[in-house]
Amino acid sequence: MPLLSRRHVLAGASLLAAPALLTRRAHAAETCVVGTWGGDYARLLRENIDDPILKPAGIDVVQDVGDEQPRVAKTYAQRKLPHGTVDIACVGAVNGYRLTDADLVEPLTEENVPNLKHVLPDLRSPAFVPHIYSAQVIVYNPEIVKAPPQSLADLLAPEWKGKVGMVSTVAPWVLMAASLLKSGTTTDFDAAKDFMLKLNANGLRLYPETDSLAPAFKSGEIEVGVIWLARSFMWRNGGFPVKGQFPSEGAILYVSGMVLPKNAPNKAAAFGYMNALLAPSAQQGFAAHMGYLPTVDDAPLSGTVGEQLAIPEPRPKLVVPDYAVISKAMPDLNDWWLKNMQHS
Amino acid sequence: MVLMLVVPLGFLARDSLNRFDATELMIEAVTPENYLRFFTDPFYWTVLVTTLRVSVIVTATCLLVGLPMAWRLARTASRWKPVLMLLTILPLFIGSTTRTAGWMILFSRGGMLDLIGRRLFGAAPVNLMYAEPAVIVGIIAINLPFTVLTLQSVFEGIDPRLEEAAASMGAAPSRAFWRIVFPLALPGTLIAGVLCFILCMNAFATPVLLGGPRFQMMAPLLFWAFSGDSNWPFAAAIAFILMGTTLALTGLANIAIPRRYRSG
C-alpha cells in the first residue's frame with residue numbers, strides 16, 4: 001500500500017482549503033470592491049473613508065486600481081453578467097452620465113444614500129454621487145505676472161503670445177470654457193473652435209499632462225496656464241507659488257464621483273460606501289490634501305485650506321457642463337482638437 | 001498560443017468592424033467604416049508616415065551604431081568583458097518612462113543642455129522637447145541595448161577562425177568583416193533590425209512625453225481613440241492597421257535579404 005493514497009491527498013487538500021473557503025464566505029457579505037484611480041486618490045480613500053468609517057462598520061474595502069476608461073469599458077463589457085467584479089466604479093461626471101444614460105448603473109436615492117440630501121443642488125445626478133469638484137481657472141506665477149488676465153479673451157493679447165500653456169487631454173473642458181466666453185453657454189462649439197484657433201495662432205503651448213505644466217512655469221517657458229484650481233493648490237503646497245484667477249465669464253467645473261453598477265455583487269456595502277464618501281470628515285480630508293472642493297453643504301473648510309480654496313467675492317459664475325450634450329459631442333470635439341489644435 | 005493570442009486577436013478583429021456610438025460605445029455591426037475613416041483621412045496617413053519615418057531612422061541608427069559595438073563586444077578577450085556587457089544592458093534596468101523623464105530633464109527649457117548653452121556659450125533659451133529629434137533620441141536609447149545584445153549573440157556564433165583564415169590570406173580586418181563576417185551575420189542582423197523596428201512602431205511613452213501633444217505616432221493615437229474618445233471599434237481598427245503595416249514591412253525586409261543569406 002502506498003504511503004499516501006489519492007484519497008489521503010484529496011482529504012488533506014480539502015482540510016487545508018477549508019479555512020480559506022469558510023473565511024471567504026464569512027467575509028463575502030462585508031466586502032466592498034471599489035474600482036478607483038491609484039496614487040494620492042486611492043490613498044486618501046483609504047485614509048478618509050475605508051479605514052475610519054467603513055472598517056469600524058464591518059465593511060472591508062478592496063481597491064481595484066486602474067485608469068478610468070478601462071473601468072468604464074469593464075462596466076460595459078460585464079453588463080450581461082449576473083454579477084460584475086466591482087461594487088463601485090470611480091468615474092468623471094461625463095462617464096457617470098454615459099453609464100446612467102446606458103442604464104448600466106443603479107439609481108440612487110436619499111433612502112439608500114442618506115447623505116445625498118447634503119449634495120449641492122447643481123451637482124446632483126440620478127445615479128452618480130459627486131465626490132469632489134474643482135473649477136477651471138487661469139493660473140499664473142504672481143512673481144512674474146503682476147496684472148493677470150481676467151478672462152480667456154485676454155489671452156489673445158500680444159503680451160501673452162507664446163506664454164500660455166494648456167494640457168491637451170482636457171480639450172472638451174477648454175472648448176466649453178471658450179464657448180462660455182463667446183456665447184455664455186457651454187455648448188456653442190463653433191464659436192469655441194474659432195476662439196481656440198486664434199489662441200493657437202497666438203503661440204499656445206500644449207503639454208501632454210498636467211504635471212508637465214509646472215516645470216514650464218518654473219523655467220519661464222509659460223507665464224499663464226488654464227488648469228484646475230485643485231492642481232494650483234497642490235503646487236502651492238509643494239512650494240511653487242502660483243495663483244488662480246476665476247475667468248470673468250465664469251469657470252467650468254470638473255466633477256469626479258462614483259457609480260454603482262447594476263450587477264454589483266454587494267449593493268448594500270456600496271450604498272454604505274457612497275454615504276461615507278459624502279460624510280463631512282471624508283470631504284474635508286480630500287479638500288485638505290488634494291484641493292478639491294466638498295460637494296456637500298455640511299463640510300465647511302477652515303484654516304489655511306479654507307482660505308486657499310475660498311471662492312472669491314463677488315462669487316464667480318461656476319458652470320456645470322451640460323453632460324447630455326458634451327457626452328455626445330466629446331468624440332467629435334476630441335477629433336477636431338487632435339486635427340486642428342495638436343496637428344498644426 | 002491559440003488561447004492567448006489568436007482568440008483575443010479574433011475578438012479585436014470583430015470589434016474593429018463594429019460601429020461606435022457615444023452612449024453605447026459599441027454597436028454590433030459588420031462595417032468597414034473604421035478602416036475607411038483611417039485610409040480616407042490625410043491626417044491618419046500623416047501619423048502612419050511619421051511612425052514609419054521615425055521607425056526607419058531609429059532602426060538604421062541602432063544597426064549602424066550597434067553593429068560595431070556588438071562585434072567588438074563579441075570579439076574582445078578582455079577581462080572587462082562582463083563589465084562591458086553589464087554596461088550595455090544597464091539601461092534596461094530602468095523603466096522606459098523613468099528613462100524618458102531623464103531625457104526630459106536634459107532637453108527641456110531650464111534643463112541641463114539649455115543651462116550649459118546659456119551659461120557657457122550665452123545662447124538663447126532653448127527647448128529641445130516636443131520635437132521629432134527628441135523622440136528619435138529617446139527611442140534609440142531604449143532600443144540600442146536590444147539591438148546590441150541580439151547582434152552580439154549573432155557574432156558570438158560566428159567562428160573567429162574564419163577571420164583568422166582571411167587574415168592569413170592577406171585580407172585586411174575591414175575586408176574580412178564585410179566579406180565574411182557580415183554576410184554570415186546578415187540573418188541575425190535582420191532579426192535585430194526587425195526587433196528594433198517593431199519596438200519603435202509600437203513606442204508609446206517616449207512619443208507622448210518627449211514628442212508632446214503636437215507630435216503624433218500610431219500607438220499614442222490608438223490609446224487616444226480608446227481612452228479619450230472611448231471609440232473602441234476605431235481603436236481596434238488602428239491596432240490592426242499598425243500590426244498589419246509592421247508585419248508587412250517585416251516580411252518585405254525578409255524578402256529584401258538575398259535568399260542565400262536568409263536563416264532557415
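Quick caveat: nothing in here was measured; it's all calculated off a predicted structure.
- At least one donor-acceptor pair closer than 3.5 Å links the side chain of B:Asn34 to the backbone N or O of B:Asn18.
- Ring geometry for A:Phe217 against A:Trp235 counts as perpendicular: the plane angle is over 60°, on a 0 to 90° scale with 30° as the lower cut.
- B:Gln216 and B:Tyr44 share no donor-acceptor pair across their side chains, judged by distance under 3.5 Å alone.
- Looking at A:Leu99, neither its backbone nor its side chain comes within 4.5 Å of chain B, counting heavy atoms on both sides.
- Neither the backbone nor the side chain of B:Ser108 has a heavy atom closer than 4.5 Å to any heavy atom of chain A.
- Side-chain atoms of A:Thr210 and A:Trp228, non-hydrogen and from C-beta on, never get closer than 4.5 Å to each other.
- For A:Ala73, the parts sitting under 4.5 Å from any heavy atom of chain B are the backbone and the side chain alike.
- A distance below 6.0 Å separates the ring centres of B:Trp45 and B:Phe39.
- Each of B:Phe234, B:Phe215, B:Tyr130 has some count of heavy-atom pairs under 4.5 Å with chain A, and the biggest count is that of B:Tyr130.
- Looking at B:Asp41, only its side chain comes within 4.5 Å of chain A, counting heavy atoms on both sides.
- Among A:Leu333, A:Leu104, A:Leu338, A:Asp332, the residue with the largest count of heavy-atom pairs under 4.5 Å with chain B is A:Leu338.
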